[in-house]
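A short worksheet on the structure shown next.
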Amino acid sequence: MNEKFSMAGRVAIVTGASKGIGQAIAESLAEAGAEVVVSSRKQAAVDDVAKAINERGGKAHARACHMGDLAEIEALVAFALETCGGVDVVVNNAAANPVFGPVLDVPEGAFDKLMQVNVKGPFWLARCCHESMAARGHGSVINISSIGGVSPEPLIGMYSVSKAALVSLTKVMAKEWGADGIRANVICPGLIKTKFSQALWQNEDILEHTVSGQPIGRIGAPEEVAPLALFLASAASSYCTGAVYMVDGGHVI
């Protein structure tokens, strides 16, 4: 079983990896033997994560990238190819949510940012890595969506729309790229205790509403999402593609 979960000899790009779920995934992949390119918007932040991984005996490189900028995405892939020799795994975790409230209050600029960062960016990164993964005869794209992408959540309606698009994009990738040996799956976390979601879990009413009806009556931690990403990145999930995985304490049951 350990061999099936081993990431030795594999290269992974993880976006939004300076903290939270992305950092936990990058650390998990590195611990399993992957060479990880840690990416987020600020170079200093990803430098810290990569340094910590390397100090623990892993192998990581840091490269800043704004997922709303296609030129930066292309530069990120070029960096991974030059530094690591190729790409086997793409984890699209970076996301934006510039609005909190009814969809009627969402301005055009916020809508465009949501779609640019949460949908177009992940697509462009995976597309840019397609050639390398296909040449290697295998690849895994792991998109991090949200339970809102399956069942729209209150006050984050437009964010839910963007995450629903990411779910559909994942299925399209799985269908079109399967013949190239590339698998694509999507993880939909529930309420996870991260800085990104603190507006939700720091609100007592929202927190109570979220956890009161769950079989597991608490919010999750980033470390509870990372093992699923490792499974989907590794050979252990070799027959899994186009699937939607919930990590939500049973919230959407």
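A donor-acceptor pair shorter than 3.5 Å cannot be found between the side chains of His66 and Glu72. Between Asp112 and Gln116, the side chains place no donor N or O within less than 3.5 Å of an acceptor N or O (distance only, hydrogens not considered). A donor-acceptor pair shorter than 3.5 Å cannot be found between the side chains of Thr15 and Asn93.
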Arg218 and Glu224: salt bridge (charged side-chain N to carboxylate O under 4.0 Å, His left out), yes or no, with the steps?
-> CA-CA 12 Å; Arg218 61 174 176 82; Glu224 294 177 295; 2.7 Å; yes
Can Met173 and Thr170 be said to form a side-chain contact (heavy atoms from CB on, under 4.5 Å), step by step?
-> CA-CA 5 Å; Met173 290 177 179; Thr170 305; 5.6 Å; no
Stepwise side-chain contact (heavy atoms from CB on, under 4.5 Å) check, Cys84 with His61 = CA-CA 9 Å; Cys84 308; His61 313 277; 3.6 Å; yes
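Ionic pairing of Lys171 and Glu176 is not present here: no N-O contact between side-chain nitrogen and carboxylate oxygen is shorter than 4.0 angstrom. Ion pairing of Glu31 with Arg56 is absent here, as no side-chain N (NZ or NE/NH1/NH2) approaches a carboxylate O to less than 4.0 Å.
In this structure, the separation between SG on Cys128 and CG on Leu70 is 8.0 Å, given to the nearest 0.5 Å. Expressed to the nearest 0.5 Å, how far CZ of Phe100 lies from CG of Leu155 amounts to 4.5 Å. To the nearest 0.5 Å, atoms OG (Ser162) and CE (Met115) are separated by 5.5 Å. Atom CD1 in Ile73 sits 9.0 Å away from atom OG in Ser39 (nearest 0.5 Å). To the nearest 0.5 Å, the span separating SG on Cys129 from CZ on Arg136 amounts to 10.5 Å. Rounding to the nearest 0.5 Å gives a distance of 11.5 Å between CE of Met246 and CG of Leu228.
Residue Ile21 is not grouped with residue Val117 when hydrophobic side chains (ILVMFWY) are merged at heavy-atom distances under 4.5 angstrom, including chains of intermediate members. No single ILVMFWY cluster, assembled from side-chain heavy atoms under 4.5 Å apart, contains both Met133 and Leu232. Val247 and Leu166 are members of different hydrophobic clusters when ILVMFWY side chains are connected at heavy-atom separations under 4.5 Å. Val38 and Phe79 fall into different hydrophobic clusters, defined by Ile, Leu, Val, Met, Phe, Trp and Tyr side-chain heavy atoms under 4.5 Å apart, directly or through other members. Cluster annotation: Leu230 is connected to Ile25 through the hydrophobic network of ILVMFWY side chains, with a link wherever side-chain heavy atoms come within less than 4.5 Å.
For the pair Thr194 and Pro222, the tightest heavy-atom approach, listed with the atom from each and the gap, is CG2-CG, 3.8 Å. Val46 and Ala64 make their closest contact through CG2-N, 4.2 Å (heavy atoms, listed as atom of the first residue, atom of the second, distance). Minimum heavy-atom separation, Ala60 to Asn54: N-OD1, 2.7 Å. Across all non-hydrogen atoms, the minimal contact from Glu74 to Trp124 is OE2-NE1, 3.1 Å. Heavy atoms only, all atoms of each residue included: Ile182 and Ala134 are closest at CD1-N, 4.0 Å. The minimum heavy-atom distance linking Ser18 with Val49 is given by the pair O-CG2, 3.6 Å.
Other residues, nucleotides and ligands contribute more than 12 heavy atoms inside 6.0 Å of the CD atom of Gln43. A 6.0 Å sphere centred on CZ of Arg41 holds no more than 12 heavy atoms belonging to other residues, nucleotides or ligands.
With Asp88 contributing its side chain and Val11 its backbone, the two residues share a donor-acceptor pair below 3.5 Å. Remark: side-chain polar atoms of Asn92 are not paired, donor with acceptor, to backbone N or O of Asn143 under 3.5 angstrom. A donor-acceptor pair is defined here as one N or O able to donate and one able to accept, closer than 3.5 Å; no such pair exists between the side chain of Ser140 and the backbone of Val89. The backbone N or O of Cys240 sits less than 3.5 Å from a side-chain atom of Arg183, completing a donor-acceptor pair. With Ser28 contributing its side chain and Ala24 its backbone, the two residues share no donor-acceptor pair below 3.5 Å. A donor-acceptor distance shorter than 3.5 angstrom exists from the side chain of Asn118 to the backbone of Ala96, with no hydrogens or angles considered. Ser40 contributes no side-chain N or O that, together with a main-chain N or O of Lys42, makes up a donor-acceptor pair within less than 3.5 Å. Put simply, the side chain of Lys163 gets close to the backbone of Ile144: a donor and an acceptor are under 3.5 Å apart. Although no hydrogens or angles enter the test, the distance criterion places no donor-acceptor pair under 3.5 Å between the side chain of Asp248 and the main chain of Leu191.
Side-chain contact between Val211 and Ile219 is present, with at least one heavy-atom pair separated by less than 4.5 Å. Proximity of Val91 to Ile13: side-chain heavy atoms (C-beta onward) are nowhere separated by under 4.5 Å. Side chains of Val36 and Lys59 form no contact here, defined as non-hydrogen atoms less than 4.5 Å apart. Contact annotation: the side chain of Pro154 never approaches that of Ile156 to less than 4.5 Å [non-hydrogen atoms, C-beta and beyond]. Side-chain atoms of Val150 and Val252, non-hydrogen and from C-beta on, never get closer than 4.5 Å to each other. Residues Val99 and Val106 form a side-chain contact, since some pair of their non-hydrogen atoms from C-beta on lies under 4.5 Å apart. Under the 4.5 Å side-chain criterion, counting only non-hydrogen atoms from C-beta, Ser146 is in contact with Tyr159. For the pair Ser145 and Ile187, the minimum side-chain heavy-atom distance is 4.5 Å or more.
Taking the six-membered ring for Trp and thresholds of 30 and 60 degrees, Phe231 and Phe5 have ring planes inclined between 30 and 60 degrees apart.
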